Amino acid sequence: MRRAALPLAILLAVLPAPPTWAEPLVASKTASMQQAIEDITLAAANHDMVLVKDQPIDAALKKRGFGDPHVRILFIGSETAVRWAEAADPRLLNLLPLRLTLVARDEQLTVMTDDFEPWLREFTEEPARRLLKAWQVELREVLDDFAWQ
């Protein structure tokens with residue numbers, strides 16, 4: 001048995017690792033949509049960010065005859081993020097303000113961010129890469145604050 005396992009171990013050691021895909025940052029809790037928006041606004045304020053825009057997807061779809069998807073998109077940001085993006089790489093301004101998607105299912109509200117991994121592959125040079133990573137950390141903290149409120 002040991003001899004049969006050895007070639008398999010060698011094969012596994014030399015094969016490249018399978019590709020991995022990062023997930024967007026996600027937080028969930030029991031809350032109404034309105035309460036979630038208020039909680040996110042407060043969580044963002046705790047990190048010197050403001051709610052820039054609340055985009056209700058549901059109203060536009062209902063007007064066109066579709067059912068309510070119970071989805072809203074919030075945009076949060078700060079003047080500091082804009083200044084840092086301009087200094088690091090002006091193309092980063094395309095990501096601002098940062099977007100959060102809220103999805104309500106029954107009484108569970110889930111908030112998720114965009115996946116930053118494609119952007120990290122695009123922006124391989126510093127300081128743009130460092131700024132993207134900082135935004136990831138900051139969004140994780142905002143979502144953690146949201147979940148614990």
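None of the values given here were measured: they were computed from a predicted structure.
- V137 and W119 fall into different hydrophobic clusters, where Ile, Leu, Val, Met, Phe, Trp and Tyr side chains are chained together by heavy-atom contacts under 4.5 Å.
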Do any side-chain atoms of residues 95-105 form donor-acceptor pairs under 3.5 angstrom with protein atoms, and if so which ones, sequence neighbours left out?
{"unit_1": "R99", "atom_1": "NE", "unit_2": "D114", "atom_2": "OD1", "d": "3.3"}
{"unit_1": "R99", "atom_1": "NE", "unit_2": "D114", "atom_2": "OD2", "d": "3.4"}
{"unit_1": "R99", "atom_1": "NH2", "unit_2": "D114", "atom_2": "OD1", "d": "2.8"}
{"unit_1": "R99", "atom_1": "NH2", "unit_2": "D114", "atom_2": "OD2", "d": "3.3"}
{"unit_1": "R105", "atom_1": "NH1", "unit_2": "P69", "atom_2": "O", "d": "3.1"}

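- A search for salt bridge (Lys or Arg N to Asp or Glu O under 4.0 Å) contacts involving E126 returns R130, not counting sequence neighbours.
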Derivation and outcome, side chain to side chain contact (heavy atoms under 4.5 Å, CB included), residues L25 and M112: CA-CA 5 Å; L25 302 174; M112 65 190 89; over 6 Å; no
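- Taking the side chain to side chain contact (heavy atoms under 4.5 Å, CB included) definition, one finds that A27 meets it with R140, L143, F146, A147, sequence neighbours left out.
- In terms of the salt bridge (Lys or Arg N to Asp or Glu O under 4.0 Å) criterion, E86 has no residue partners (sequence neighbours excluded).
- In this view, D54 and R72 satisfy the side chain to side chain donor-acceptor pair (under 3.5 Å) rule, not counting sequence neighbours.
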Would T113 and W135 count as a side chain to side chain contact (heavy atoms under 4.5 Å, CB included) here? Give the steps. CA-CA 11 Å; T113 67; W135 287 345; over 6 Å; no
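- Using a 4.5 Å heavy-atom cutoff, the side chains of V26 and V111 are not in contact.
- Cluster annotation: L42 and V142 are assigned to distinct hydrophobic clusters (Ile/Leu/Val/Met/Phe/Trp/Tyr, side-chain heavy-atom contacts under 4.5 Å, transitive).
- Residues M49 and E138 come closest through the heavy atom pair CE-CG, 3.9 Å.
- Once rounded to the nearest 0.5 Å, the distance linking CZ of R129 with NZ of K133 reads 4.5 Å.
- Listed for the D89 side chain is a donor-acceptor partner under 3.5 Å among the backbone atoms of R91.
- With sequence neighbours excluded, no residue satisfies salt bridge (Lys or Arg N to Asp or Glu O under 4.0 Å) with D145.
- Residues F75 and L51 form no side-chain contact, since every pair of their non-hydrogen atoms from C-beta on lies 4.5 Å or further apart.
- Partners of Q34 under the side chain to side chain contact (heavy atoms under 4.5 Å, CB included) rule, at least two apart in sequence or in another chain, are S32, E38.
- The side-chain heavy atoms of Q136 and L120, taken from C-beta on, include a pair separated by under 4.5 Å.
- K29 pairs by the salt bridge (Lys or Arg N to Asp or Glu O under 4.0 Å) definition with D39, not counting sequence neighbours.
- Of the possible polar contacts, none joining the T110 side chain to the S28 backbone as a donor-acceptor pair under 3.5 Å is found.
- Partners of T124 according to the side chain to side chain contact (heavy atoms under 4.5 Å, CB included) rule, which considers only residues two or more places apart in sequence or in another chain, do not exist here.
- In this structure, W84 places its CH2 atom where only 12 or fewer heavy-atom neighbours from other residues, nucleotides or ligands lie under 6.0 Å away.
- Taken from CG in L109 to CD in Q35, the straight-line distance is 10.0 Å, to the nearest 0.5 Å.
- Counting heavy atoms from C-beta on, the side chains of L74 and I37 come closer than 4.5 Å.
- Every residue two or more places apart in sequence or in another chain that forms a side chain to side chain contact (heavy atoms under 4.5 Å, CB included) with D68 is listed here: D58, K62, H70.
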